[in-house]
Structures are given as structure tokens and as C-alpha cells.
Amino acid sequence: MAGVVVSGAQVSYISQDCEEIPEFLGRKYGHMAKRLDLSFNMLRSLEGLKTFSYLEELILDNNLLGNDLLLPKLPQLHTLTLNKNQISFQRKLDSLLDHLAEVVPSLQYLSLLGNMACPNELVCKEKDEDDYQRYRYFVLHKLTNLKFLDARKVTRKEREEALVRGAFMKVVKPKDAKVSSDVVSTSPEMHYTPLPSGSRDLTNHRGIFGKCRYIYYGKHSEGNRFIRDDQL
């Protein structure tokens, strides 16, 4: 088949611009493939993986896969790379990680580099090491068997921190606060003031009387100090 490269139990179908996995790949190689490379395509769906039940390594770099990707049950899969796809941190990353924990229980190596979900300088220069470390804690909290995440080995300290803090490391982008123009006004009269409404008009010079709940005890007033004769 054109575009297919086979070497032992390794099957590659790279740079074919396909949006879904061709049916013939599973029919011809699904029973024997242990490593499948589908990088540099335009994949949005992984439905065609159902016949690849013996996969141990799956390479899906440089595709169009998002947080809604669904994998079939792959009990022997230990390596999954999803570099440079369209996986975001805000859009249900926790659901995706829960899905991976269920369908690929033997997963030890996961790479999400180049996705918005992975907050490093490859995606955004505004991100720093602290952002990336929080992401790692969150992923390791969900996928407890990982030994490598992205290009870095998982340390014992990270695993311990993920157990304690990982659930709280999800970063949610706040919604844009859009206030209607009829509520906010730039006029001085609309600025906050503790004065009663009758005194807010600059042309109104009448005195205003009112009640106040604050009671002054004078505890810190300098005028309440007792002065002895020898201090005069």
C-alpha cells in the first residue's frame, strides 16, 4: 500500500493528510502491529484503532486531535505521544486524562509537548517553569503509573507532590468580564462615595445629616493622653 512503511511489528503511515485512520491499515496490520506511527496527518478521530489491539507504542504527533479524542481499550500500550495537537488545558483536560487512565492502564510514557495543555515556552512565552510544574502535578495526579511525562523523567518527589497537591493544580482561565456600558459610567457622579445621595450633586451645598453605626471610643487619640505636672 502506498505510504505505508512496515518494519517487523512497526507500522508507519506518515504525512498522508488523512483525517481518519484508513480502514485498510487495521484490516492488514492491526493483528501484528506493536508500534504505530501516524504523525504529520490531519487526524481528528481515532476510531480506526479498534483493530490494533496489540499496540504498545502509538505516535500521533502533528495532527488535529483535541480534548475529545477517544481511544479504544489498549491494555498493552505503554507509550503515547500527542505532541503538537490541539489539546488545551482549560477544555476538559481532566476528562481526557480520566479516559486515558481507563483505556490505557499500562501507560508509562506520555508526551503532550506543543499543545496548549502543556504550558511551556514552546506554546507561550508568558509561561514559566512554575506553570509547567503545576501541569505536571495535575497530570501525574490523574495518571499515577507514568514514568516519563514529556521529555522528563518523573521523580519520586514529583509523585509525592502530585499525590498531595495534584488535584488542586488545574489552572482555569477566567472568563472575560464584560460589563455593559449602561452599568458603568465615566462621569464623576457615578464614582463610589460614602456620602448620602443628597450631597453628591456638586451644585448642592446644603448640609447633610445622617446616622452612622460607627462609635468612636478615642482609644488611640493623642488628645486623651494624661499629662503629669512633671511633663509640662
Side-chain angles (χ1 to χ4, degrees), residues 1-89 91-118 120 122-123 135-136 138-154 159:
M1 294 292 181
V4 181
V5 177
V6 179
S7 177
Q10 302 183 37
V11 178
S12 299
Y13 192 69
I14 302 173
S15 299
Q16 300 300 308
D17 295 331
C18 56
E19 297 184 4
E20 57 185 25
I21 300 171
E23 186 269 338
F24 78 86
L25 278 181
R27 185 180 65 252
K28 189 168 184 178
Y29 306 107
H31 67 285
M32 50 79 68
K34 292 187 177 181
R35 185 181 190 274
L36 179 62
D37 190 344
L38 297 172
S39 56
F40 292 95
N41 282 290
M42 301 178 67
L43 292 177
R44 298 178 183 272
S45 169
L46 299 176
E47 186 176 355
L49 288 176
K50 291 180 179 179
T51 55
F52 288 87
S53 54
Y54 300 104
L55 281 182
E56 297 178 3
E57 300 181 49
L58 180 57
I59 315 300
L60 296 169
D61 301 341
N62 292 275
N63 278 284
L64 301 175
L65 298 166
N67 293 52
D68 56 349
L69 70 87
L70 294 176
L71 285 169
K73 188 78 172 182
L74 298 171
Q76 300 179 47
L77 191 76
H78 57 72
T79 298
L80 174 62
T81 69
L82 289 160
N83 301 317
K84 293 188 177 180
N85 276 273
Q86 297 182 353
I87 301 171
S88 68
F89 200 91
R91 296 178 54 197
K92 301 181 180 179
L93 177 62
D94 49 348
S95 299
L96 172 59
L97 296 177
D98 288 338
H99 172 66
L100 294 181
E102 179 181 356
V103 299
V104 286
S106 301
L107 191 64
Q108 297 181 6
Y109 181 99
L110 173 67
S111 185
L112 297 174
L113 290 170
N115 289 279
M116 292 301 296
C118 180
N120 60 16
L122 289 176
V123 176
Y135 145 84
R136 287 180 65 87
F138 183 71
V139 175
L140 294 175
H141 166 72
K142 292 288 188 176
L143 302 175
T144 56
N145 293 328
L146 286 185
K147 294 183 178 179
F148 282 85
L149 177 56
D150 302 328
R152 187 187 302 177
K153 184 177 181 179
V154 177
R159 201 176 299 281

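Position 1 is the first residue of the sequence, and the numbers go up from there.
Val104 places none of its side-chain heavy atoms less than 4.5 Å from the side chain of Leu110. Residues Leu77 and Ser106 form no side-chain contact, since every pair of their non-hydrogen atoms from C-beta on lies 4.5 Å or further apart. Considering only heavy atoms from C-beta on, Gln10 stays 4.5 Å or farther from Val5 through its side chain. Residues Leu25 and Leu38 have side chains in contact (heavy-atom distance under 4.5 Å, counting atoms from C-beta outward).
Heavy-atom neighbours of Gln76 CD from other residues, nucleotides or ligands within 6.0 Å: above the threshold of 12. Within 6.0 Å of the NZ atom in Lys73, the count of heavy atoms belonging to other residues, nucleotides or ligands exceeds 12. For Gln16, the CD atom is densely surrounded, since the number of other residues' heavy atoms within 6.0 Å is greater than 12. Atom CE of Met42 has 12 or fewer neighbouring heavy atoms from other residues, nucleotides or ligands inside a 6.0 Å radius. For Lys142, the NZ atom sits in a packed shell: over 12 heavy atoms of surrounding residues, nucleotides or ligands are nearer than 6.0 Å.
The structure places NE2 of His78 at 10.0 Å from CG of Leu55, a figure rounded to the nearest 0.5 Å. Taken from NZ in Lys147 to CZ in Arg159, the straight-line distance is 8.5 Å, to the nearest 0.5 Å. Note that the NZ atom of Lys50 and the CD1 atom of Ile21 stand 11.0 Å from one another [nearest 0.5 Å]. Separation of atoms OG (Ser95) and CG (Leu100) is listed at 11.0 Å; rounding is to 0.5 Å. Separating the CG atom in Leu107 from the CG atom in Leu74 is a distance of 10.0 Å, to the nearest 0.5 Å. Once rounded to the nearest 0.5 Å, the distance linking CZ of Phe52 with CE of Met32 reads 9.5 Å.
Under the 3.5 Å distance criterion, the side-chain polar atoms of His99 are left unmatched by any main-chain donor or acceptor of Leu70. Formation of a donor-acceptor pair under 3.5 Å by the Asn85 side chain with backbone atoms of Asn115 is not found in this model. A distance-only check finds no donor-acceptor pair linking the side chain of Asn67 to the backbone of Ala117 [under 3.5 Å]. The main-chain N or O of Asp61 is found under 3.5 Å from a side-chain atom of Asn63 such that the two form a donor-acceptor pair.
When all heavy atoms are compared, the tightest approach of Pro22 to Tyr13 is CG-CE2, 3.6 Å. Summarising the geometry of Pro75 relative to Pro105, their closest heavy-atom pair is CA-CD, 4.3 Å, with the distance given to 0.1 Å. Minimum interatomic distance between Ala33 and Val11 (heavy atoms only, all atoms of both residues): CB-CG2, 3.8 Å.
Side-chain contact of Ser39 with Asp37: a donor-acceptor pair under 3.5 Å is present, judged by distance alone.
Under the side chain to side chain contact (heavy atoms under 4.5 Å, CB included) criterion, Asp150 pairs with Ser111, Leu112, Leu113, Cys118, Tyr132, Tyr135, not counting sequence neighbours. With sequence neighbours excluded, the residues forming a side chain to side chain contact (heavy atoms under 4.5 Å, CB included) with Phe148 are Tyr109, Lys153, listed by chain and number.
A side-chain contact (heavy atoms from CB on, under 4.5 Å) with Leu82 is found for one member of Ile87, Leu58, Leu96 and no other, namely Ile87.
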